[in-house]
Amino acid sequence: MNEPTPQASHRHPPPATLLWAGDHTGFLRLLDQTRLPVDLVEIECRDAATVWHAIRRLAVRGAPAIAIAAAYGVVLGVRESADEDLSARVESACDYFAASRPTAVNLFWALRRIREKTQRWLAEKELDLTGLLERLLAEARQIHDEDRQLCRAIGRHGVPLLQGVAGVLTHCNTGGLATAEYGTALSVLFTAQDQGLDLHVYVDETRPLLQGARLTAWELQQRGIRATLICDSMAAQVMREGRVQAAIVGADRIAANGDTANKIGTYSVALLCRAHGIPFYVAAPSTTFDLSIASGDEIPIEQRAPSEVTSLYGQRIAPEGIDVYNPAFDVTPADLIAGIVTEHGVIQPVNADTIRWHFPATPSSATAITSG
Ligand code: MRU
């Protein structure tokens with residue numbers, strides 16, 4: 001088959017997914033992902049509401065990136081609050097962001113970490129507002145920086161799974177746009193490329209909001225990785241034709257038994273992989289595990305606006321008044337997952353025991369997390 005050589009476009013490195021500009025009086029700059037890949041537009045967030053709405057409308061999205069954005073958003077929320085009580089300022093900013101999106105548990109992990117740290121700081125020392133804001137900003141920067149390192153470690157641990165694999169399928173977007181840098185499932189593919197593996201990636205477009213077509217295709221192209229875009233409904237045929245030997249996706253919340261919530265359509269990919277004898281892998285940091293819930297039945301699934309299904313770029317594609325069901329995520333049962341790559345290694349097989357062994361001291365990220 002004659003395949004076009006991808007053109008890497010490194011002429012203008014794209015702006016960072018998230019960037020805090022300045023000190024605690026500064027602001028958060030986000031790359032508006034709703035405009036990609038056509039326009040590179042940044043949003044300057046100088047108040048908490050701008051961050052909240054950016055999360056809600058997916059201008060910033062992907063489980064780790066949502067958590068990082070909210071951590072910076074708390075700085076803005078605390079700064080603008082009129083409450084006398086500093087602890088109350090932090091609590092209400094965290095409550096506010098907890099109501100932005102319900103499924104990705106990284107958000108609740110970050111907010112819990114911020115609440116706990118705040119309690120400790122305020123108990124240890126008398127802080128004024130500036131002192132608190134400086135600490136909150138340092139904490140947000142640390143959450144951001146730690147995620148960079150988690151992504152790199154996931155990439156390193158995942159590459160051995162792809163030895164002998166020529167074609168790999170992925171769903172949604174799990175790269176630098178969804179995280180601090182490098183990504184989760186895409187980090188494995190980027191690291192494979194760094195190590196000289198020649199992979200051909202099949203990218204599910206990911207209806208309804210097209211994170212695969214708009215974001216993953218763009219990120220792979222930026223890096224010069226061979227990529228072919230397909231409609232979600234083409235995955236079965238792609239597998240039947242023997243074009244892929246593995247699938248790898250990210251996650252928004254993984255229960256204690258390994259059931260995994262990810263972008264709607266992921267469950268179908270896992271079922272297709274089972275039918276074709278292809279291993280289906282998940283790549284996610286410990287911050288995506290929610291060991292407080294036994295199974296995927298307890299994962300809250302975000303329901304989004306019908307207009308995301310009935311319209312494309314403001315253009316109506318379905319009849320006025322049609323009933324719509326639009327769950328943003330689905331849950332893949334653990335028994336369909338061949339392995340979960342984390343920053344510590346690969347969980348294989350995937351079940352409650354292997355997950356417990358993988359995190360011998362329960363990860364701080366994974367306990368008693370409140371859903372939105
Ligand atoms: O609705 P989104 O775009 O935030 O959904 C994102 C996903 O489902 C990703 O696969 C997941 O967050 C993993 S990101 C590293």
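Read the numbers this way: they start at 1 and go in the same order the structure lists the ligands and their atoms. Owing to the predicted nature of the structure, the values given are computational and were not obtained by experimental measurement. Side chains are part of it too, since the values below use all heavy atoms of this structure and drop only hydrogens, waters and symmetry mates.
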Spacing of Glu320 atom CD and Thr310 atom OG1 [to the nearest 0.5 Å]: 8.5 Å
Taking every non-hydrogen atom, the tightest pair across Leu199 and Ile225: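 Heavy-atom minimum between the residues: O-CG2, 4.2 Å.
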Where does ligand 1 get N/O contacts under 3.5 Å from the protein, atom by atom?
from, atom 1, to, atom 2, distance (Å)
ligand 1, 1 (O), Arg101, NH1, 3.4
ligand 1, 1 (O), Arg101, NH2, 2.8
ligand 1, 1 (O), Lys263, NZ, 2.8
ligand 1, 3 (O), Arg61, NE, 2.8
ligand 1, 3 (O), Arg61, NH2, 3.3
ligand 1, 3 (O), Gln211, NE2, 2.9
ligand 1, 4 (O), Gly62, N, 3.0
ligand 1, 4 (O), Arg101, NH1, 2.9
ligand 1, 8 (O), Asp252, OD1, 2.7
ligand 1, 8 (O), Asn262, OD1, 3.1
ligand 1, 8 (O), Lys263, N, 3.2
ligand 1, 10 (O), Asn262, OD1, 2.6
ligand 1, 12 (O), Ala63, N, 2.8
ligand 1, 12 (O), Asp252, OD1, 3.3
ligand 1, 12 (O), Asp252, OD2, 2.9

Pair Gln33-Arg61, side-chain donor/acceptor within less than 3.5 Å: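 Checked: Gln33/Arg61 side chains pair up, N/O donor to acceptor below 3.5 Å.
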ring-ring contact (aromatic ring centres under 6.0 Å, His included) contacts in which one or both residues fall within residues 149-194, not counting sequence neighbours: Tyr182-Phe190
Contact list for residues 24-51, test salt bridge (charged side-chain N to carboxylate O under 4.0 Å, His left out), sequence neighbours left out: Asp32-Arg57, Arg35-Asp39, Glu44-Arg46
Any pair counted as salt bridge (charged side-chain N to carboxylate O under 4.0 Å, His left out), so long as it reaches residues 137-161, sequence neighbours left out: Arg113-Glu139, Arg113-Glu146, Lys117-Glu139, Asp145-Arg148, Arg152-Glu181
